[in-house]
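Computed from a prediction, not measured in an experiment: that's the story for all the values here. To find a chain, count down the sequence lines: A is the first, B the second, and so on, and within it residues start at 1.
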There are 2 protein chains.
Amino acid sequence: MLVQQLRKVLTNNNIYSQHSIKLIACYSTNVKRTKIFESATAAVADIPDGSKILFGGFGVCGIPEKLIDALKTKGVKDITAVSNNGGVEDWGIGLLIQQKQISKMIASYVGENKELVRQYLAGELAIELTPQGTIAEKIRAGGAGIPAFFTPTGYGTLIQKGGAPIKYGNNGKVDIVSRPKPVQTFNGKDYVLEESIFADYAIIKAHKADPYGNLVFNKSARNFNAPMSRAAKTTIVEVEDIVPVGALTPSEIHIPGIYVDRIIKGENYKKRVERLRLRESDENKSKSSPGQELRERIAKRVALEFRDGMYVNLGIGMPVLSSNYIPKGMNVMLQSENGILGLGPFPTKEQVDPDLINAGKESVTVVPGASYFGSDESFAMIRGGHVDITILGAMEVSATGDLANWMIPGKLVKGMGGAMDLVAAPGTKVIITMEHNAKDGSPKILDKCTLPLTGQGIVDLIISEKAVFAVEKGVGLTLLEIAEGLSVEDLRLCTGAQFEVSPKLKKMAQIGEK
Amino acid sequence: MLVQQLRKVLTNNNIYSQHSIKLIACYSTNVKRTKIFESATAAVADIPDGSKILFGGFGVCGIPEKLIDALKTKGVKDITAVSNNGGVEDWGIGLLIQQKQISKMIASYVGENKELVRQYLAGELAIELTPQGTIAEKIRAGGAGIPAFFTPTGYGTLIQKGGAPIKYGNNGKVDIVSRPKPVQTFNGKDYVLEESIFADYAIIKAHKADPYGNLVFNKSARNFNAPMSRAAKTTIVEVEDIVPVGALTPSEIHIPGIYVDRIIKGENYKKRVERLRLRESDENKSKSSPGQELRERIAKRVALEFRDGMYVNLGIGMPVLSSNYIPKGMNVMLQSENGILGLGPFPTKEQVDPDLINAGKESVTVVPGASYFGSDESFAMIRGGHVDITILGAMEVSATGDLANWMIPGKLVKGMGGAMDLVAAPGTKVIITMEHNAKDGSPKILDKCTLPLTGQGIVDLIISEKAVFAVEKGVGLTLLEIAEGLSVEDLRLCTGAQFEVSPKLKKMAQIGEK
């Protein structure tokens with residue numbers, strides 16, 4: 001990235017010069033370069049309107065807050081922003097959205113920012129919702145000189161078939177939809193072709209840097225900062241500390257300096273925890289309501305799927321509950337898509353670190369033997385089938401194993417986050433946990449999903465408060481267990497699909513029962 | 001990978017059982033799993049003949065010597081081995097080749113093992129020569145659930161067009177040649193489709209592990225061990241030390257335990273340095289011969305291309321010489337394809353570490369501010385164009401920028417190593433340094449290369465002892481500088497291609513000259 005850097009240095013940080021070749025030719029070999037800029041303002045001074053910019057962070061964890069402030073002050077407009085999340089209204093990338101500086105977002109999840117969703121539905125801003133693992137891999141590929149790759153993620157969904165709304169008109173109708181993507185079969189399985197992302201600028205946050213640009217991240221704040229650092233013409237990093245050359249050992253460096261062009265040291269970090277969760281003392285635990293009892297019944301059944309030594313990804317909400325029922329002495333390592341293996345319980349007040357959150361943006365801790373990594377590595381792990389079990393909620397599940405849990409057209413615009421990636425790995429067991437029926441009593445297990453799919457033919461097991469079904473992908477359901485007091489006929493009445501009954505049908509089991 | 005692991009544990013480490021489903025079904029939740037095996041013999045006990053195995057290491061640096069020994073003793077046959085190198089005759093994977101346990105190799109470089117080349121040319125063993133970065137990326141993709149990807153590496157060469165000899169018959173003729181690979185254009189540039197590699201077993205070496213399988217590597221011994229650990233059904237690791245759970249901090253772990261199935265602790269490591277090089281004291285430096293003077297003249301011209309802050313990859317041999325002429329006070333970071341940024345001088349006797357070598361397998365040191373990484377990261381860096389300049393030798397260069405430096409059909413079977421990747425990155429300046437003519441006086445700069453290509457239209461600059469040529473890729477040559485005492489007509493006589501003469505033609509410059 002030296003050539004770009006030279007252009008910037010030689011043009012006194014003014015906007016990209018057309019005469020770059022001449023400038024390089026007269027560059028003296030005696031000029032010493034430095035990557036350290038005096039301020040965030042100086043580091044972003046040459047970023048023109050219309051730039052494509054990668055923004056590091058997951059939720060508001062590990063965001064480049066000083067550089068975002070500087071971009072806000074400079075008033076750069078018409079930004080195409082690649083950011084996993086849409087921030088919150090008054091923080092992170094949300095500040096740029098508030099000022100209408102962003103014209104297009106590539107993101108996997110925008111559920112935390114109402115203003116962003118308002119602008120999207122009003123046609124003021126385009127959003128290309130992209131599975132989280134696909135964003136991470138597109139960026140990784142962009143940095144690695146790979147123009148395109150095949151992935152199982154999103155096959156059979158709007159992401160592959162096209163038709164996902166990208167931009168609304170001012171009449172409330174969709175103006176621009178996503179185009180279909182090429183598919184190809186390898187070893188009998190279907191994959192989607194995705195093209196890489198390479199941006200003009202990457203705006204990222206690290207914990208420490210040395211003057212050569214070598215970076216070290218703190219805990220789960222590595223996330224998208226790591227892959228993004230490699231995938232832009234100019235990578236600008238803010239850090240909390242600049243240490244001397246040689247202070248970082250060669251083995252602990254997370255990102256080699258070759259990827260980094262500019263460094264600034266930020267002061268007075270205001271890091272936020274999006275969802276502060278603290279460990280409850282036993283007496284403070286809320287008393288159980290009927291809804292909670294139902295959820296715990298599901299969680300206690302889910303816990304029977306765990307085995308010592310397993311690696312498990314638990315979706316936000318009900319799936320997470322099941323971790324409370326991992327038998328004592330059994331080692332189940334919990335994977336968090338934002339870059340953690342070995343999630344622990346919620347922290348005490350003293351343990352809270354804004355750089356350590358889970359995929360639900362909640363404060364967490366880790367267990368001994370845990371590890372941190374970037375979002376590219378996290379989804380390589382997920383997509384590669386290294387996670388034994390993934391457990392998610394659902395809006396609808398079909399008898400053939402289709403899952404819908406990310407979108408209600410025209411209504412719910414949150415994004416798929418990592419769900420499409422989590423269900424796409426052929427080697428991973430996909431367990432759906434959900435209330436058997438919707439709030440209006442309508443069935444959620446159907447012959448065919450009516451909502452846009454998260455994955456096609458990918459569910460292995462369904463666990464509701466009423467029953468446990470095995471799914472033979474592409475074929476149909478078999479009832480394995482049924483809740484006490486319920487007959488098979490009762491179950492047929494509240495289930496929207498046919499199912500076989502296992503000859504070994506049992507009462508629904510619960511962990512800890514004999 | 002737990003399911004495979006359970007099968008193995010439950011079948012008492014016997015060969016893969018067809019009844020795995022039943023075994024899993026009756027698996028009690030109370031069984032404690034351990035990844036630690038008592039010996040290398042136990043860890044490889046279930047590996048059947050015909051397995052596809054990934055072997056970590058680069059040359060003999062970071063090889064799993066204890067596990068290779070155990071495979072040799074067990075006598076596993078008909079192995080398809082994925083290994084960047086072919087080892088040496090009596091060490092590393094060479095031991096298995098000696099015993100004829102390997103029927104097929106996927107490798108980038110086999111130049112150090114005569115017995116391997118003998119078996120290959122005699123039709124006893126197949127070799128699929130594959131560019132080093134493509135091997136690394138195929139393995140990385142295999143572990144990451146990516147079945148195929150596009151790469152610029154090898155476009156326009158035998159690797160893409162097909163026809164590379166894979167297996168000879170016993171009559172000395174080629175029986176099996178490589179097939180052509182699909183190509184596709186992205187953003188006006190042509191790329192090759194490569195499919196991923198996923199193996200039955202990965203046999204790797206790390207420095208330390210904890211009982212969960214979290215790994216830390218030492219220096220440049222990370223190399224292929226890192227990506228390979230993620231790309232097999234069963235990953236078996238030997239380490240020098242097993243530390244307690246929690247002894248490795250979550251941020252220093254290079255490979256999370258999720259990828260690792262079995263661990264053994266090796267004793268009495270015999271690590272070898274393939275090419276021991278020591279720092280010479282000034283008085284010991286060999287006196288200059290005419291050949292050396294010529295090489296130094298080239299190196300002194302190359303050094304003029306360096307700028308402060310540049311990242312440079314220097315090929316083995318003459319290119320490396322130019323690092324001796326980096327001006328004092330100028331910071332040029334040298335990249336080594338085996339996973340180092342910031343190569344330093346040769347070590348003193350006391351500094352030698354077999355885990356720290358360069359791409360030429362020579363003992364080296366690193367400078368302050370250096371970093372280590374795996375081969376997947378190294379070639380992502382190279383292919384992604386993050387290296388400013390790559391400097392290589394050549395057998396032939398064409399006027400349109402084609403390069404041939406890896407193969408003489410039927411004669412020289414060494415492999416391309418990382419050369420095809422190094423020249424493939426569009427963002428990297430490719431400089432060829434070579435003697436102007438071959439030993440028999442024939443020209444090496446030609447209208448068209450006669451040898452199999454390393455890359456098509458990829459050379460930017462040619463520096464010989466006689467001249468410096470700029471290459472306009474796909475168009476032709478312009479003479480920029482000419483050696484003292486030589487006329488343009490002299491040069492035309494010893495050059496096998498037409499060239500333009502720059503209106504600013506200069507005497508060939510040397511670093512340090514005014």
Side-chain angles (χ1 to χ4, degrees), chain A residues 1-3 5 27 29 31-33 137 141 143-152 186-187 191 195 210 212 214 216-217 219 230 245-246 250-253 256-259 306-311 327 330 333 335 341-342 366 368-373 380-381 383-388 425, chain B residues 1-3 5 27 29 31-33 137 141 143-152 186-187 191 195 210 212 214 216-217 219 230 245-246 250-253 256-259 306-311 327 330 333 335 341-342 366 368-373 380-381 383-388 425:
Chain A
M1 296 299 109
L2 180 62
V3 172
Q5 197 62 28
Y27 180 70
T29 55
V31 173
K32 284 295 284 183
R33 287 179 67 233
E137 189 65 15
I146 303 294
F149 57 89
F150 287 94
T151 174
F186 296 92
N187 301 316
Y191 294 88
E195 294 192 30
D210 70 16
Y212 288 179
N214 291 309
V216 169
F217 299 97
K219 299 178 181 170
R230 307 184 185 100
V245 169
S251 284
E252 74 171 316
I253 290 167
I258 194 170
Y259 297 114
F306 298 144
R307 297 289 177 275
D308 190 59
M310 267 190 175
Y311 296 92
M330 182 188 281
M333 290 291 266
Q335 204 262 11
L341 196 64
V366 293
S371 53
Y372 302 121
F373 32 85
M381 194 180 277
R383 198 189 310 103
H386 304 281
V387 174
D388 296 296
Chain B
M1 296 300 108
L2 180 61
V3 172
Q5 198 61 29
Y27 181 71
T29 54
V31 173
K32 284 295 283 183
R33 287 179 67 232
E137 188 66 15
I146 303 294
F149 58 89
F150 286 95
T151 174
F186 296 93
N187 300 317
Y191 294 89
E195 294 192 31
D210 70 16
Y212 289 178
N214 292 308
V216 169
F217 299 97
K219 299 178 181 169
R230 308 183 185 101
V245 170
S251 285
E252 73 171 317
I253 291 167
I258 193 170
Y259 296 113
F306 298 144
R307 297 289 178 275
D308 190 60
M310 268 190 175
Y311 296 93
M330 183 188 281
M333 290 291 266
Q335 206 262 10
L341 196 64
V366 293
S371 53
Y372 302 121
F373 32 85
M381 193 180 280
R383 199 189 308 103
H386 303 282
V387 175
D388 296 296

Engineer: Please identify, among A:G143, A:A425, A:G246, the residue contributing the most non-hydrogen atom pairs under 4.5 Å to chain B.
Structural biologist: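 Of the options given, most contacts go to A:G143.
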
Engineer: For chain A, which candidate among B:A141, B:P368, B:P147 shows the most heavy-atom pairs at distances under 4.5 Å?
Structural biologist: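 With the most close heavy-atom pairs to chain A, the winner is B:P147.
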
Engineer: Tell me whether the rings of B:Y259 and A:H386 are parallel (<30°), tilted (30 to 60°) or perpendicular (>60°).
Structural biologist: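 Judged by the thresholds at 30° and 60°, the geometry between B:Y259 and A:H386 is perpendicular.
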
Engineer: Non-hydrogen atoms of chain B under 4.5 Å away: do they reach the side chain of A:A148, the backbone, both or neither?
Structural biologist: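 For A:A148, the contact with chain B is made by backbone and side chain together.
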
Engineer: For B:Y212, what residues pass the ring-ring contact (aromatic ring centres under 6.0 Å, His included) criterion, not counting sequence neighbours?
Structural biologist: none

Engineer: Please identify, among B:P250, B:G369, B:G145, the residue contributing the most non-hydrogen atom pairs under 4.5 Å to chain A.
Structural biologist: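 Most heavy-atom pairs under 4.5 Å with chain A: B:P250.
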
Engineer: Name the option with the most non-hydrogen atom pairs under 4.5 Å to chain A; the candidates are B:I253, B:T151, B:V216, B:N187.
Structural biologist: B:I253

Engineer: Do you know which two heavy atoms are closest between A:S371 and B:P256, and how far apart they sit?
Structural biologist: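 The pair with the smallest heavy-atom distance is OG-CB, 3.4 Å.
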
Engineer: Where does A:I146 contact chain B at under 4.5 Å (heavy atoms): side chain, backbone, both or neither?
Structural biologist: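 When you check distances to chain B, atoms from both the backbone and side chain of A:I146 fall under 4.5 Å.
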
Engineer: If the condition is salt bridge (charged side-chain N to carboxylate O under 4.0 Å, His left out), which residues does A:R230 pass it with, not counting sequence neighbours?
Structural biologist: A:D376, B:E377

Engineer: Grab the two heavy atoms, one from B:S251 and one from A:Y372, that are nearest each other, plus how far apart they are.
Structural biologist: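 Looking at all heavy atoms of both residues, the closest pair is OG-CD1, 3.6 Å.
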
Engineer: Would you mind telling me which of B:E252, B:M333, B:K219, B:E137 has the largest number of heavy-atom pairs within less than 4.5 Å of chain A?
Structural biologist: B:E137

Engineer: Select one option (side chain, backbone, both, neither) describing which atoms of A:Q335 are under 4.5 Å from chain B's heavy atoms.
Structural biologist: neither

Engineer: Relative to chain B, which segment of A:M381 carries a heavy atom at a distance below 4.5 Å: side chain, backbone, both, or neither?
Structural biologist: both

